[in-house]
Structures are given as C-alpha cells and as structure tokens.
Amino acid sequence: MLILARKINESINIGDKIEVSIIDIRGDQVKVGIKAPKEVKVFRREVYEAIQSENLIASKASKNLPTIDNLLKDKKDPAE
Amino acid sequence: MEVNTKAYGKIDIDERQIITFPSGIPGFESLKKFALLDAAQQPFYWLQSLDVQEIAFVMISPLLFKPNYNVQLSEQELEELNLSEFPNEEALLFAIVTIPENQAKMTANLQGPVIINKHTKTGRQFIHSDVQWKTKHYILDELASVRNEAC
C-alpha cells in the first residue's frame, strides 16, 4: 500500500480525474474531500461490509417461506 | 436442465432462468451462476446458487412496500448490465430479504438492490448511494402502511 503524509488543505491525485483532499483534522477524525467523476462510486468501507454481512445472514434463511398475507393477518390479530 | 435447489431439492428449470453475476454477490464473490425462481409463496423469489445448493437468497420487489424506491445507476453501472437506462423494461429490480426466526420481523436490504437484465441474463448487486436506504427495512410494517394508505 502506498502511504503518503498530507497536511490540511493538501491533496492527492489518483489518475487525472480523482482528487482526494484533507479538509480538516480534529483529534482522531479526518475530514476528507473527494472529487471524482460521476461514474466513480465513492462510499464508506462500512457500507460495503454491511451489505456483505447482511447477505451472509440472508443466505441462511430457512427454506420454509411464510406468505405475506398470513403474516399480515397475524399482525392485525395478534390474539389469533 | 436439472438443478439442485435449497428450497425444492432437485428441480427442472429453463435455461432462461439462469442469471450470471459477473462480480458475484458481496460476501459470495466466487459464486457467479444463479437461477431465478418464483417461490411457491408469493410475492417472493429465490436466487439460487448453481454452485452451492445451500446458498439461496430470498428476494422481493421493493416497489411492493416502498413505491417511491428507486435506484440511480451511473453510466458505468448501466454499462455493466448492458442497459441504456434504468428503470427499463429490460431490467428487474429486487431486494434481498433476511428472514429471522420470528418471520414477522423479516427485512429487505434496500441499500444493496439487485438488478437483473432480463435480456442478457446478467445481474449485479449495487450499493445505493442514497443513505436513506438501509440494509434492514421491516417489510410487514412498510406493507401495512402502504395498504392503509390505499384504503
């Protein structure tokens, strides 16, 4: 991994279309500004991990599916 | 052709039901071939791995309980699925459903919509850029409120 030291207001170019700037540093938090073309998706690493882990849970579903109508009925009449 | 499914054991499917996920599905990156099946219980679908019988996802159309849900795809994402635009008649939109032991608490993942090009039979799970969509939306709660509004 390439590691570069940067100060506030300094930036890094990735290729000629992506610019990453350090906007602010406070304690253990860094604010990063990203300029990138629309076709480049930028998202927090946790978002991808959240989808991965949700998929892992979803894949373990029981093969016996409920029907939505029954579940909605139960919801309406919890006593039954 | 015959395939082994988690829900129905060995069944015969049409080749047109086979969908390729070139990048796999996050968490299952090595699995590329799936079969799209109508579940016996409406309105669910199964996305059944053809490589591993035990891996199958339950899916639902998110528009059933979130009529205002939409996905904006970048040009690159459209290209990956060979779509000129989205929404599009060629494209199917699904959300993966997580069903816990208490099935009434089932959730849909609207942060990671699955889109399938019906024509090329390719699919992909995207990451939604809009933070209002989470990995867990309670389907029954949402459905109940949609139906109440309709009454």
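The figures that follow rest on heavy atoms only: side chains count, while hydrogens, waters and symmetry mates do not. Proteins come first, then strands; the chains are lettered A, B, ... in the order of their sequence lines, and each starts at number 1.
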Item to check | Top contributor to chain B contacts, counting heavy-atom pairs under 4.5 Å, from A:Ala50, A:Ser53, A:Ser62, A:Ala58 | outcome: A:Ala58
Checklist entry - Considering only heavy atoms, which portion of B:Lys136 lies under 4.5 Å from any heavy atom of chain A: side chain, backbone, both, or neither? => result side chain
Item to check | B:Lys105, NZ: over 12 other non-hydrogen atoms inside 6.0 angstrom | outcome: no
Item to check | Taking every non-hydrogen atom, the tightest pair across B:Leu140 and A:Leu72 | outcome: O-CD2, 3.9 Å
Next on the checklist: Run the side-chain contact (heavy atoms from CB on, under 4.5 Å) test on B:Ile96 and A:Glu54 for me, step by step, so that the C-alpha distance in whole Å, both residues' side-chain angles and the decisive distance to 0.1 Å come before the verdict.
Outcome noted: CA-CA 9 Å; B:Ile96 295 181; A:Glu54 193 61 33; over 6 Å; no
Checklist entry - Mind checking whether B:Leu110 and B:Met106 sit in one hydrophobic cluster, side chains of I, L, V, M, F, W, Y counted as touching below 4.5 Å? => result yes
Next on the checklist: Applying a strict under-4.5 Å side-chain criterion to I, L, V, M, F, W and Y, I'd like to know whether B:Ile11 and B:Leu36 cluster together.
Outcome noted: no
Checklist entry - Should we say atom CD of B:Gln132 is surrounded by more than 12 heavy atoms from elsewhere, each under 6.0 Å from it? => result yes
Checklist entry - Do B:Leu63 and B:Ile139 share a hydrophobic cluster (ILVMFWY, side-chain heavy atoms under 4.5 Å, transitive)? => result yes
Next on the checklist: Distance check, rounded to the nearest 0.5 Å: A:Tyr48 atom OH versus B:Gln111 atom CD?
Outcome noted: 13.0 Å
Checklist entry - What's the shortest heavy-atom distance between A:Asn55 and B:Phe57, and which atoms? => result O-CE2, 3.3 Å
Item to check | Atom pair CD1/CG of B:Ile25 and A:Leu56 - distance to nearest 0.5 Å | outcome: 11.0 Å
Checklist entry - Under 3.5 Å, side chain of B:Lys6 to main-chain N/O of A:Ser59, donor-acceptor pair present? => result yes
Checklist entry - Hey, does B:Glu29 have a side-chain heavy atom less than 4.5 Å from the side chain of A:Gln52? => result yes
Next on the checklist: Can you tell me which portion of B:Gln125 sits under 4.5 Å from chain A's heavy atoms? Options are side chain, backbone, both or neither.
Outcome noted: side chain
Item to check | Connected via hydrophobic side-chain network under 4.5 Å: B:Leu31 and A:Ile57 | outcome: no
Item to check | Heavy-atom proximity to chain A below 4.5 Å, by part of B:Tyr8 | outcome: neither
Checklist entry - Is it the case that more than 12 heavy atoms not belonging to A:Asp28 sit under 6.0 Å from its CG atom? => result no
Next on the checklist: Rounded to the nearest 0.5 Å, what separates atom CG in A:Leu65 from atom CD in B:Gln42?
Outcome noted: 12.0 Å
Item to check | Atom pair NZ/CD1 of A:Lys60 and B:Ile55 - distance to nearest 0.5 Å | outcome: 8.0 Å
Item to check | Under 4.5 Å from a heavy atom of chain A, the part of B:Thr5 involved | outcome: neither
Next on the checklist: Are B:Ile99 and B:Val114 linked, directly or through intermediate hydrophobic residues, by side-chain heavy-atom contacts shorter than 4.5 Å (ILVMFWY only)?
Outcome noted: no
Checklist entry - Under the side-chain contact (heavy atoms from CB on, under 4.5 Å) criterion, do A:Leu71 and B:Leu143 qualify, and how do the steps go? => result CA-CA 11 Å; A:Leu71 288 173; B:Leu143 207 53; over 6 Å; no
Item to check | CD/B:Gln72: more than 12 non-hydrogen atoms of other groups inside 6.0 Å | outcome: no
Checklist entry - For the atom pair CD1 (B:Ile60) and CD1 (A:Ile68), what is the distance rounded to the nearest 0.5 Å? => result 4.5 Å
Item to check | Nearest-0.5 Å distance that lies between atom CG in A:Asn64 and atom CD in B:Gln41 | outcome: 8.0 Å
Checklist entry - Is the number of heavy atoms from other residues, nucleotides or ligands within 6.0 Å of CD (B:Glu89) greater than 12? => result no
Next on the checklist: Show the nearest heavy-atom pair for residues A:Pro66 and B:Gln103, with the distance to one decimal.
Outcome noted: CB-OE1, 3.3 Å
